[in-house]
Amino acid sequence: MKKMLERKPSSSLTAEFQSTGTVDTSKGLAQEETHVKLRRTKSVTRAEEIVHEEEKARKLQPDKPCHYRRDSLFSWTSGFGDFRGFINLAFLLLLLGGARLFLENVMKYGIRVDPVQWLIVINGGSSEVQNEYPSILLFIYLNVPIWVALGIERLLAKDLLRWKAAKVILIVNLISILAVPIVAINLRAQSFGLIGATMSCFVYTITFLKLWSYMHVNYWCRLSRSGKSTAKHARTRSFSFHQSVGEPTVNGKTKHLENFVSYPDNLTLKDIYFFMILPTLCYELNFPISGRIRKRFLIKRILETLIGSHVVLALFQQWIIPSVKNSLTPFSNMDLLAATERLLKLSIPNHLIWLIWFYLVFHSYLNMVAEVTRFADREFYLDWWNSNNIDVFWRSWNMPAHRWALRHLYMPLVSRGYNKFVSAVAVFMLSAFFHEYLVSVPLRMFKAWAFLGMLSQIPMSMVSLWIERKIGPRIGNVFVWLGIILGQPLCIMMYYHDYVIEHFGKNLIQQFSTV
């Protein structure tokens, strides 16, 4: 035993001690650690050899063995990962649950789908044919701010107007775009239907963002032309006509670049209206254009848009309206348990409609417009469904809006010295404003629920990032889905409750809560 406990110094350490009089203990420990690792490796290898020899010996026995060293499939050590059957089971259970809810809805409320009611809502809530349609008038008036923006840009390009004066006019022009629907909808409230008012606000918002981009890009072009571009404002060019040396030229441009325009040749009615119909919010002098229109692809997208729109309206009539009305009384009485039950019941059809709406808008409709205009950049969305945190979700689900915010708000603020957090908050503030604008103006009330909901995404983004890092990306993705599924129906319930009280009074809550 004594011999086993005694440790004999290695020859290298002895030689070192004899030559220097000292011993480097760290070196000795490193050698000892390497020796231990080597010994463990040899022992593991020897154990595997023993197991292998045992298996071979067992196979040679006449008892026909059927048992081997194997882990259960649910154990991580098994290495098994094919759970497609459970995914199919989850979809089947979801389908059966949805079918049960659909049958319950039909048995309780009957068939509520009525296309005539769609026309009445579009007509402003009246079954009689109206002589005036203010939404159409608003769409026609939208040409005015477009002409003003183009006229100011032309004057600036010819140096006939100072930038300080032009900047004031352009800002007033942008503000008027958002102000006109507010004034018109409140003055002619009886003539506007909810759909017409919502579409008017949506189109005016798109025009506001497009003209902001249009003026911003032309401003960069003027800086570049005058040679005043700085590191803050300089834009990187993707190519230059002068780089194509040696190729045949026409009017100073290579042959395949004949149709490319440069500033200020882009300041035409054709150019600005072409930009207005493109499925993008960011202006460029030369957009990527596809070679041809694919007819089959276009027909598919048209059919999807038409059929899908009717499906959404039908589901809204059959499912959303009864669920929202039934939630009014418990929500008004602050019955937490009943209100939560109504929220969960509303969340399923609402989320289904939202998913269909997303596909119709960001895939079917935008691809349809892009195919007609031959716009080649079709990245309208990324894989937002795989987002592990809320920050990634907002950067991937609506790419046209994300590119606009990054290009015309976030990066300009960062380039002017603001830190990234302040710039990100500014983006969320503007997004919160437009979310509230698109809800409050058509409903003719201001409750700020959508605004506060968007601002709450900032702390929720921090929470989701913490969940992703500390608990795991899978739970982070679940958190994102949970926010999407429950956040929207909660806003719907709050706005419906406030709309009834604002326009009809508390005394009629019971009347508006029955189907």
Side-chain angles (χ1 to χ4, degrees), residues 117-142 144-145 174-209 312-313 316-317 320-325 327-329 331-332 346 350 353-354 357 429-455 487-515:
Q117 295 296 323
W118 305 347
L119 299 176
I120 291 176
V121 172
I122 295 174
N123 198 40
S126 174
S127 58
E128 298 179 359
V129 178
Q130 295 187 7
N131 295 324
E132 55 181 13
Y133 293 92
S135 298
I136 297 177
L137 296 178
L138 281 180
F139 294 149
I140 296 174
Y141 172 78
L142 201 54
V144 175
L174 286 176
I175 294 175
S176 69
I177 294 175
L178 299 180
V180 166
I182 299 176
V183 175
I185 291 172
N186 282 276
L187 290 179
R188 305 298 300 273
Q190 302 301 323
S191 302
F192 274 96
L194 180 60
I195 294 180
T198 303
M199 288 301 299
S200 299
C201 292
F202 183 76
V203 172
Y204 269 69
T205 299
I206 296 298
T207 305
F208 173 90
L209 298 176
V312 168
L313 290 173
F316 192 86
Q317 277 187 310
I320 299 296
I321 293 177
S323 298
V324 171
K325 285 188 173 184
S327 68
L328 183 58
T329 299
F331 196 81
S332 179
L346 177 62
N350 174 79
I353 290 176
W354 184 81
W357 171 85
M429 288 284 289
L430 186 66
S431 178
F433 167 78
F434 280 117
H435 276 78
E436 187 62 44
Y437 178 84
L438 292 172
V439 176
S440 292
V441 175
L443 295 178
R444 292 180 290 112
M445 66 177 189
F446 178 73
K447 295 298 179 181
W449 299 125
F451 183 83
L452 296 175
M454 278 302 302
L455 287 187
Q488 295 171 0
L490 181 60
C491 282
I492 292 174
M493 290 168 60
M494 290 190 295
Y495 272 107
Y496 181 67
H497 172 266
D498 292 344
Y499 180 81
V500 172
I501 293 178
E502 181 83 14
H503 296 287
F504 302 101
K506 293 183 178 180
N507 298 329
L508 296 179
I509 286 181
Q510 193 62 36
Q511 177 181 341
F512 281 90
S513 63
T514 57
V515 181

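The CG atom of L455 lies 9.0 Å from the OG atom of S431; values are rounded to the nearest 0.5 Å. In this structure, OH in Y141 is found 8.5 Å from CD1 in I177, a value given to the nearest 0.5 Å. The CZ atom of F208 lies 13.0 Å from the CG atom of L142; values are rounded to the nearest 0.5 Å. Separating the CZ atom in F202 from the OG1 atom in T207 is a distance of 10.0 Å, to the nearest 0.5 Å. Atom CG of L209 and atom CG of L430 lie 7.0 Å apart (nearest 0.5 Å). Remark: I195 CD1 to S200 OG distance equals 11.5 Å, nearest 0.5 Å.
In this structure, I321 and K325 have side chains that are in contact, with non-hydrogen atoms separated by less than 4.5 Å. Counting heavy atoms from C-beta on, the side chains of L346 and I320 come closer than 4.5 Å. By the 4.5 Å heavy-atom criterion applied to side chains, L194 and L443 are counted as neighbours. Within the 4.5 Å cutoff, the side chain of C201 has heavy atoms near those of the I185 side chain.
Checking side-chain atoms of S332 against main-chain N and O of T329 turns up no donor-acceptor pair under 3.5 Å. In this structure, H497 contributes its side chain and M493 its backbone to no donor-acceptor pair below 3.5 Å.
Heavy atoms only, all atoms of each residue included: P442 and Y437 are closest at CD-O, 3.7 Å. Across all their heavy atoms, I492 and N350 have their closest contact at CD1-OD1, 3.1 Å. Closest of all the heavy-atom pairs between S440 and K447 is OG-N, 4.1 Å. The nearest pair of heavy atoms linking Q317 to P322 is O-CD, 3.6 Å. Closest approach of Y495 and M445 over heavy atoms only: O-CE, 3.4 Å. Between E436 and F451, the closest heavy-atom pair is OE1-N, 2.9 Å.
Each of L138, L178, V441 was checked for a side chain to side chain contact (heavy atoms under 4.5 Å, CB included) with Y204, and the lone residue meeting it is L138.
Taking a 6.0 Å sphere around CE of M494, one finds it holds more than 12 heavy atoms contributed by other residues, nucleotides or ligands.
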(request) Would you please test D498 and W449 for side-chain contact (heavy atoms from CB on, under 4.5 Å) and show each step? (result) CA-CA 10 Å; D498 292 344; W449 299 125; 2.5 Å; yes
